[in-house]
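These notes are about the structure you will find just below.
Just so you know, these numbers come straight off a predicted model, no measurement behind them.
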Amino acid sequence: MTTSSTMTVAEWRAFLTDYNARHITSDEVREAIEEGRQVISEERLETGWAGAEPAGEEAIVAAEERLGVRLPSSYRNFLQVSDGWEDIGFVDLFQVGDIGWFAELCADLLEAWSEPEAFKEFYPMLKRCLLIGGDDGGSGCYWLLHADSMGENSEWTAYEWWPGDGDDPEPYRDFTAMAREAVRSLDD
């Protein structure tokens, strides 16, 4: 598991601004668009920002009330900078109003993965994960936050999962660590 510390709103703003400046005009994004794979919407390309407007505290609290949990600080702080993001680590992060329990949003997939003997150990964990982002193409990737695995800093374990590749969910200490690794891996 990767270690990290929770980023503040100001740190998220700096991190995302730096990443955005490098990524939105990158060869990878340009090539994807030329190949007809619109990884960042025209609207966001025109504004020069792959993120969305910040989520207000009211929207975050409404999501927490709907879900019955308080979101971890790393993710809350991210949402206060950008309510969703297009194309970070091949994943689009959902707006706060669209996040939900994986077991509800992807019930068919969860049921399909409840059977294989090798995967049964992850089934209970996935039932208590929030789905916060996904890859809408390719083999599919999910970014998840596990509500029942809270660290000493009240952060939830984060997971990146590519079920189409047959991989186990990859754990990260928290949302910050997963986002940092996604950006780092794209820079390599």
Query raised in the report: Would E64 and R76 satisfy salt bridge (charged side-chain N to carboxylate O under 4.0 Å, His left out), going step by step from the backbone distance to the final call?
Result: CA-CA 10 Å; E64 291 173 333; R76 283 180 120 263; 2.7 Å; yes
Query raised in the report: Between W49 and S82, is a side-chain contact (heavy atoms from CB on, under 4.5 Å) present by the stated rule, with each step listed?
Result: CA-CA 10 Å; W49 179 246; S82 185; 4.2 Å; yes
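At least one donor-acceptor pair under 3.5 Å links the side chain of S26 to the backbone N or O of H23. Side chain of E155 to main chain of S74: a donor-acceptor pair is present (N/O by atom type, distance under 3.5 Å, no hydrogens or angles). Of the possible donor and acceptor atoms, none in the side chain of R173 sits under 3.5 Å from a partner among the backbone N and O of T157. Using modelled atom types, one side-chain atom of D83 and one backbone atom of V96 make a donor-acceptor pair closer than 3.5 Å. When atom types are taken as modelled, the side chain of D87 and the backbone of V39 share no donor-acceptor pair closer than 3.5 angstrom. A donor-acceptor pair under 3.5 Å is absent between the side-chain atoms of W156 and the main chain of D148, judged by distance alone.
L145 and V91 fall within the same hydrophobic cluster, where Ile, Leu, Val, Met, Phe, Trp and Tyr residues are linked whenever their side-chain heavy atoms come under 4.5 Å apart, directly or through other members. Under the 4.5 Å side-chain heavy-atom criterion for ILVMFWY residues, a single connected hydrophobic cluster contains both I132 and V69.
Partners of R30 according to the side chain to side chain donor-acceptor pair (under 3.5 Å) rule, which considers only residues two or more places apart in sequence or in another chain, are D27.
The two residues T6 and T176 come nearest to each other via the heavy atoms CA-OG1, 4.0 Å. In this structure, S41 and E86 approach most closely via the heavy-atom pair N-OE1, 2.6 Å.
A centroid separation of 6.0 Å or more is found between the aromatic rings of Y172 and Y159. Outside the 6.0 Å centre-distance limit, the rings of W85 and W143 are not counted as a close aromatic pair. Aromatic pair Y19/W12: ring centres not closer than 6.0 Å.
Residue L45 holds its CG atom at 5.0 Å from CD1 of I24, rounded to the nearest 0.5 Å.
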